[in-house]
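Scroll down for the structure; my scribbles are underneath it.
These figures come from a predicted structure and were not determined experimentally. Sequence positions, counted from 1, serve as the residue numbers for this chain. Keep in mind that the numbers below use all heavy atoms, side chains included, and drop hydrogens, waters and symmetry copies. Every number for a ligand or one of its atoms is a count from 1 in the order of the listing.
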Amino acid sequence: MSKKRQNPETIALHGGEYRSDPTTKAVAVPIYRTTSYQFDNTEHAANLFSLKEFGNIYTRIMNPTNDVLEKRVAALEGGLACLTVSSGQTASTFSILNVAQAGDNIVSSTDLYGGTVSLFTHTLSKLGIEVRYADPSNPKNFEKVIDDKTRAFYGETLPNPYLRVFPIKEVSDIGRKYNIPLIMDNTAAPVICKPLEHGAAVVVHSLTKYIGGHGTVVGGSIVDGGNFDWTADPKRQPLFNTPDDSYGGVIWGKAVPELTGANVSYAVRARVTLLRDLGSALAPDNAFGFIQGLETVALRMKQHCSNAKQVVQYLTKHKAITKVIYPTEHKEEIADRAKKYLNDGNGALIGIELKGGIEAGKKFIEALKMFYHVANIGDARSLAIHPASTTHSQLNAEQLAASGVTQGYVRLCIGIEHIDDIIDDLDQALNKISKESLKAVS
Ligand code: PLP
């Protein structure tokens, strides 16, 4: 094959080095259900443990099934190395713990998945890592809150409920002035956004969503872009520039490039320290599930995006709806970011605000027949949720407004069913609530 970089559709099927199983010639990636791997001799074992040689030791830290998935996800994002973990939450947690320790801080976008907010607010703060927030509508807000203890910037490509595309290059450029890497959660936009191409250093995914695609497995991944110099400013990145007592005094930023010939210190450190110590490994059976999902992710994303575009066109004309939230429905600079960062579609998430507020929101969800009522995104099936009566029901009116969720807000995640059937279901549900509100007035 030529050296030219393959396209996502091809990478998802052929990426990485796996062609067929070396022993059986099986084409499908085998599930290596083993905890451990036989060493050739004591020297081989010693070399593996001291990182003089790379190879399998124990499945908590690496597994051949996971390895195929990792190589394919890394290639899909255009990165150099990847680590898979037990959930998207673990991926976000590790991505920070790999650069920050007690006394350090990171600067995060205010537009975040609720689980990440909870992780940042409660668990990271208990570990002594401060999370400072910056509103991404103006990228300069990130620069305003950094200090000499800032170790990373964090953002989400396509965060709901606002669905404002994150200014990846703008924030990454600021970070690179200070040797601060940008970590992007690209869960909602695989294939359609490539954060590493715009300067991000690390990409995390909840594989549970579009990459798995079928709502059957929970997992996460962390891709090392190989495009960040961890040694350029030793004071800025102490975890990569000071001896690690837990690993015989190794200095990760120097040792890994020397050993591997590649700039993959971030991925290697995460694997051999965080996975070793915290143990949140992805089971090989689940890695197999993701390999199946990954094979069709590019195809599914096209269908998700094309369906969502048509749903937006339909919804913007409906009288029961006061507002449609979608990356391209924003104004000026924010809408321009969708053009700049998203290719071949604008994602499958759509927010709508219903005229009738909380009661209309509840009734609309109950009237849907085909859409599933679930707290999830990225499934092949169409999904809907009314946050004010579910995920956000504990919040008071003020907190609700701050989260961007109004009483009548409904989040849709458009699936890959036939577009006519999707619109039919939305139409019958919206017409039902419109009729009921007319009845209430008369
Ligand atoms: N990041 C985003 C954007 C998410 O939507 C989610 C889950 O909804 C996560 C991370 C966490 O992923 P998981 O549920 O796999 O732990």
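- Side chains of His373 and Glu366: no donor on one and acceptor on the other come within 3.5 Å.
- The distance between the ring centers of Phe120 and Tyr154 falls below 6.0 angstrom.
- Using a 4.5 Å cut-off on side-chain heavy atoms (C-beta onward), Ile334 and Ser137 make contact.
- For Asp147, the salt bridge (charged side-chain N to carboxylate O under 4.0 Å, His left out) partners are Arg132, not counting sequence neighbours.
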Pick out the protein N or O atoms lying less than 3.5 Å from any N or O of ligand 1, and list each pair with its distance.
residue  : atom   : partner : partner atom : Å
ligand 1 : 1 (N)  : Asp185  : OD2          : 2.7
ligand 1 : 8 (O)  : Lys209  : NZ           : 3.0
ligand 1 : 12 (O) : Ser206  : OG           : 3.0
ligand 1 : 15 (O) : Gly88   : N            : 2.9
ligand 1 : 15 (O) : Ser206  : OG           : 2.8
ligand 1 : 15 (O) : Thr208  : OG1          : 2.6
ligand 1 : 16 (O) : Gly88   : N            : 3.1
ligand 1 : 16 (O) : Gln89   : N            : 2.9

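- Residues Ser246 and Asp244 bring a donor and an acceptor atom of their side chains to less than 3.5 Å of each other.
- Outside the 6.0 Å centre-distance limit, the rings of Trp252 and Tyr266 are not counted as a close aromatic pair.
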